[in-house]
Protein chains: 2
Amino acid sequence: MNSRQTVRISPQAEQYPIIIGQSLESEFKTLARSLDVSKVLVVVDRNVAEKQHDLLKTISDAFGDAKIFELAPGEQSKKWDTLKAIIDFAQSHNPDRNTPLFAVGGGVTGDVAGFAASIILRGIPLFHVPTTLLAMVDSAIGGKTGINHETGKNLIGSFYQPKAVFADISTLDTLTDEEFVCGFGEILKYAAISDPVIADILKNRSVKELRENKSQLESIIQRCVKIKSTIVARDTRESGDRAFLNYGHTFAHAMELILGYGTISHGQAVYTGMVAAGYLSEEYGAMLNHEVIQDFAGIMDIDPDLFNFTASDLVEAMKSDKKRKDNNLRFVLLKNYARPYLHEVEEIAHVEEAWNKAVGFFRDQKKKQSANS
Amino acid sequence: MNSRQTVRISPQAEQYPIIIGQSLESEFKTLARSLDVSKVLVVVDRNVAEKQHDLLKTISDAFGDAKIFELAPGEQSKKWDTLKAIIDFAQSHNPDRNTPLFAVGGGVTGDVAGFAASIILRGIPLFHVPTTLLAMVDSAIGGKTGINHETGKNLIGSFYQPKAVFADISTLDTLTDEEFVCGFGEILKYAAISDPVIADILKNRSVKELRENKSQLESIIQRCVKIKSTIVARDTRESGDRAFLNYGHTFAHAMELILGYGTISHGQAVYTGMVAAGYLSEEYGAMLNHEVIQDFAGIMDIDPDLFNFTASDLVEAMKSDKKRKDNNLRFVLLKNYARPYLHEVEEIAHVEEAWNKAVGFFRDQKKKQSANS
């Protein structure tokens with residue numbers, strides 16, 4: 001059975017369903033009957049198009065006429081020219097304001113295709129069909145869309161809610177282990193800021209075990225979606241509580257900036273960032289049981305040799321973040337698990353110390369692994 | 001004294017002020033104190049920048065540091081590359097989410113700069129400073145932004161409300177008579193669909209008289225802004241009543257498409273379209289006193305020799321409108337003045353007849369003028 005959560009992202013916005021299950025064929029058919037349109041637009045990651053024939057066929061069959069645009073995989077597609085190419089593709093099929101656009105793929109596809117949907121004819125109906133764990137628990141939920149600018153990530157975009165999200169868990173089978181694990185950075189973030197039970201459920205499992213237990217996966221995704229949509233509903237335009245979703249991300253974005261995107265996965269960067277943010281929270285009085293997060297170092301598989309930069313380099317990268325409002329560094333910290341708060345950090349030394357402790361932790365892990373193998 | 005209307009465009013949206021007056025220096029200073037920002041971005045039509053030194057200086061002085069981007073005048077600036085140029089300009093000044101963008105100019109400037117503001121950092125605060133009569137009564141109000149696509153007008157854009165609108169009537173002094181009169185197409189549209197008193201106030205005046213009577217102008221602009229904001233508030237995303245604002249526009253857009261933009265001004269096209277829509281309303285039972293609108297043929301200065309295409313060409317152009325939902329032609333018609341309704345017209349012959357009557361009217365007018373001169 002598929003599960004269906006109905007979320008209302010803001011008191012003003014229409015509510016919409018997030019459907020999570022292992023075979024969504026009947027859901028697409030139900031949607032097709034209710035939409036009554038003569039064609040749909042589909043923007044799909046090229047790798048996903050190759051692996052997910054069944055999913056694309058389900059959509060084509062349900063809607064009769066699906067016009068398909070294949071997107072080059074990877075962060076490089078979150079750019080101005082790709083946005084224009086999607087718009088040109090859409091216009092070539094003469095859409096009207098009711099023509100739906102399906103974004104089928106991971107976070108990149110959802111971000112750029114969602115942005116396109118928000119500005120074609122000043123907004124056409126958007127449906128997210130996330131095919132990665134990361135997209136299912138994070139990027140497909142909450143209505144942020146966008147592309148990168150030459151001067152920084154996600155600097156152009158919109159807030160635009162989908163009409164529905166279709167998360168078909170069977171699509172996760174085609175991910176590599178690395179792609180699958182990438183989602184755990186954000187999943188453990190939800191554990192840290194809101195629901196430590198998630199970490200309890202998942203701990204001491206191998207990646208293989210985590211992948212095979214489909215009903216557990218489904219229930220974890222449901223929990224994560226619920227947490228994210230509740231937080232976003234309180235703060236659609238990201239002026240307050242939504243910032244809690246950035247736990248670990250100030251460190252993560254700085255790492256990604258220094259290392260270049262792709263060197264470390266986003267999930268690994270967020271995970272490393274959370275380990276550091278845990279130490280930083282301690283500097284401000286938290287008494288955390290670090291193991292709740294650190295127990296997952298094995299499956300997250302972080303290579304500490306990548307961190308061949310100084311703590312001071314990292315702080316400099318944090319300061320260059322384009323979206324900061326002023327000169328202070330703002331962190332999400334924890335009073336305890338499930339008790340996040342925002343803190344403007346003035347003591348740079350604390351940030352550097354927390355980072356050095358995190359790197360130390362991953363070095364120790366690596367030594368233990370070598371000793372065991 | 002400046003007048004200040006506070007409008008709330010939708011029950012969900014924040015309300016914002018529309019300030020109409022003849023010297024807005026103190027208003028900008030008050031805003032600058034309340035915003036407390038270190039710099040502002042200004043996108044200004046190049047012609048306006050040349051003519052409105054005082055206005056730009058007022059903004060620069062009020063905010064201290066104004067970064068100015070000059071836009072090439074005319075419809076050609078409503079395009080993808082110009083949008084990108086504005087975004088690059090903004091990013092080069094390292095904006096944060098509170099950095100305001102002022103759109104200073106006519107409808108084109110408001111549309112493209114407003115669109116840019118809506119997608120820079122997923123939306124920065126937008127302030128409209130309309131400098132044409134048309135922009136003051138129409139395009140600066142209601143939150144539509146956008147650019148043209150190779151395949152049609154206004155096919156890419158967003159719904160994005162400004163934080164405030166500053167309409168400085170003294171800027172209208174630098175318009176040519178043609179530019180000034182262009183606003184009367186939309187003003188008379190408000191008369192037709194909502195408030196015939198507007199036509200009563202304005203009739204039998206020369207363009208010179210209309211321009212010189214500043215307090216009358218101010219009061220007319222106030223009436224128009226009130227009508228538009230009330231209609232838009234009922235229907236922000238344009239699914240129902242907002243369509244009434246398109247009275248005369250189905251004809252106008254088709255004319256503009258055939259003639260090419262710039263051959264006839266938008267005001268003239270809308271005016272001609274309203275004369276035709278009046279005749280079409282009659283086909284469906286209205287008993288209209290045509291003089292309410294037709295009395296303005298003199299100041300609108302329509303040249304019927306431009307209409308060197310057949311009624312059937314016009315209908316074909318109407319059918320090619322990219323935003324239509326299906327194959328029927330939808331018109332705003334009048335039961336009487338101030339009583340608009342939407343009608344799907346199946347009898348193409350009625351449309352053609354109404355158009356031919358309108359052309360006949362303008363030919364008669366021209367003959368009378370020649371006879372009198």
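A, B, ... follow the sequence lines: proteins, then strands. Residue 1 opens every chain.
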Just wondering, more than 12 heavy atoms not from B:K163 lying within 6.0 Å of its NZ? no
Look at atom CG of A:D65 and say whether more than 12 heavy atoms of other residues, nucleotides or ligands are closer to it than 6.0 Å. yes
Keeping A:R122 on the side-chain end and B:T145 on the backbone end, is there a donor-acceptor pair under 3.5 Å? yes
Is B:T99 in contact with chain A via its backbone, its side chain, both, or neither, using a 4.5 Å heavy-atom distance? neither
At what distance, to the nearest 0.5 angstrom, does [atom1] of [X] lie from [atom2] of [Y]?
| X | Y | atom1 | atom2 | result |
| --- | --- | --- | --- | --- |
| A:D81 | B:W80 | CG | CH2 | 9.0 Å |
| B:I119 | A:L83 | CD1 | CG | 7.5 Å |
| A:L121 | B:N154 | CG | CG | 10.5 Å |

Among the options B:S158, B:S38, B:G146, pick out the one with the most heavy-atom pairs lying under 4.5 Å from chain A. B:S158
Note: vs chain A, highest number of non-hydrogen pairs under 4.5 angstrom among B:K84, B:H149, B:E150 is B:K84
side-chain contact (heavy atoms from CB on, under 4.5 Å) assessment of B:I156 paired with A:I87: CA-CA 8 Å; B:I156 315 173; A:I87 291 170; 3.7 Å; yes
